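First the proteins, then the strands, lettered A, B, ... as listed; each starts at 1. If you're wondering where the values come from, they're calculated on a predicted model, not measured in any experiment.
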Amino acid sequence: MALPNPPGLLPAEVAFLCEMEQVTIVPRQRLDRLDLLGGTTRPLIPPQKTTLPLWLAILLKRQRRANIVPPPWLYPESLEEILELETKHFQDSFSLPPTIPPTRQADFAGKSFYATTPFVESCTASATPNALPYHWYEISEMLLEAASDDVAQPDRVRQLLRDLREVRLAKIRKEVETLAGDGEGTRLDGVGAMELSESRGFLTGVIGGLRKIDASREQARRDREEEERENRRDNDDDDDEDDEMT
Amino acid sequence: MSYYDVDAILTDSQKLPCTFELDVPGLGFLEGNVGGTVKAGTKLDLPMWLGIMLAVSTGNTPGSSQLVTLDFPTPLQQRVINALKADPRTVDLRAQAPHFYALGARIMELFDDRAVLDTLLSTFKLRAAEIADQALNPRGALGEGAEFLRGLDETERQLFKAAHEGPKAVRAWTLDLKKNT
């Protein structure tokens, strides 16, 4: 065992990945374009709104050079709506993630490609208001921490986020009942990155435990499948011989 | 299951009731009768690794019966299984066997008993949900959940630890975020 960490991403790593998300800001000072590894940023001209990666936006916010526009789902009204969806309409599954159409982009050589979910903006001011994106928990924590004066009713938002988290964690725990030792999975659509990181140890532990208990039946099933495959191969061989004969 | 897995070794050393079908000379030390013969029909509690080896071996003459027949160990006998069916949460599995599920899985390889296997699976699932609740509840380990947590078997203890570590790491990250600002 080289690395003492459990499998999967640690919360800090999840948060690090989340810092790549684009957010909308309103600059307060002019700033020329920056040549970053992830591409160049647009020059900041107040008061034009523009999008920046979260880490840069938080940096500028701390230096009081910009204000962050929170994504539409981070308003009390939207969170209330999501909470209602979560408790009333999706009692057994998670509320749906935002449907983000893949966008056409050009890479450094000018070749166009389609960017999909993690590389498409889901936390800018134009995001879907009634769906939680993949990085909802980390991004809302970080925004509430660094830019709580930009968020409307931060205390109410905090409370709603806590409620949402509780509801969804309870659902993850309930998923356990649908698991079985035969390798059948469970659906985790719409679960956020941090929630996955949080529950990974437990869920994989349950699946592993069930599989260990069910090992005898699994072995029997494997033997049976192996046998069937053998039989089929034999049959195929017979067919081949028939073909040759005719 | 790894060769060096301590849990697997401990599981294999749990006792299994065996009944000898043949007279075996020289095995008398197993019942404290050194140098003597084990008579057919003797019931002995043997470690699982020995019991299984004896159960799959036959006598010298072809067609002779197996050396020993195995029985369900106490933790898996009907009394316990019935209790698990009634309410999995109230049974103290650790008192039955510290490696209850591992023992169960091992026994299921020998006996094909679907009903017992299904009971074990549903027990594990129901108790896992309870474990997750207790792991997230800060008072659980000390207050009303203490009794239940004492009765967890080894697999469940690891599960409890995993269920406890995840939210703890997220909480630590949130606190870190506040400190660094």
Enquirer: Could you walk me through whether A/Q219 and B/E109 pass the side-chain contact (heavy atoms from CB on, under 4.5 Å) test, one step at a time?
Expert: CA-CA 9 Å; A/Q219 190 57 43; B/E109 286 172 17; over 6 Å; no
Enquirer: State plainly whether the residues A/K212 and B/D7 are in salt-bridge range, i.e. N to O under 4.0 Å.
Expert: no
Enquirer: Select, from A/A220, A/A170, A/S216, the one with the greatest count of heavy-atom pairs under 4.5 Å involving chain B.
Expert: A/S216
Enquirer: So if I take each residue of residues 87-96 of chain B and look for any heavy atom under 4.5 Å from a heavy atom in chain A, which residues do I end up with?
Expert: none
Enquirer: In terms of heavy-atom pairs under 4.5 Å with chain A, which of B/G104, B/A105, B/A172 leads?
Expert: B/A105
Enquirer: If you compare all heavy atoms of B/A128 against all heavy atoms of A/F202, which two are closest, and at what distance to 0.1 Å?
Expert: O-CZ, 3.4 Å
Enquirer: How long is the gap from CG on A/D214 to CZ on B/F124, to the nearest 0.5 Å?
Expert: 11.5 Å
Enquirer: What are the two closest non-hydrogen atoms of B/W173 and A/E138, and how far apart are they?
Expert: CH2-CA, 3.9 Å
Enquirer: Going from CG on B/D118 to CD1 on A/I213, what distance comes out if it is rounded to the nearest 0.5 angstrom?
Expert: 11.5 Å
Enquirer: Specify which of B/Q158, B/K168, B/R114, B/E165 makes the most heavy-atom pairs with chain A at under 4.5 Å.
Expert: B/R114
Enquirer: For side-chain contact (heavy atoms from CB on, under 4.5 Å), just list the numbers for B/V170 and A/Y137, CA-CA rounded to whole Å, side-chain angles, deciding distance to a tenth of an Å, and then say yes or no.
Expert: CA-CA 10 Å; B/V170 174; A/Y137 183 73; 3.8 Å; yes
Enquirer: Minimum heavy-atom separation for B/D133 to A/R173, with atom names?
Expert: OD1-NH1, 2.5 Å
Enquirer: Counting heavy-atom pairs closer than 4.5 Å to chain B, which one of A/G8, A/G201, A/P11 comes out on top?
Expert: A/P11
Enquirer: Hey, which residues of residues 71-81 of chain A are touching chain B, say heavy atoms under 4.5 Å apart?
Expert: none
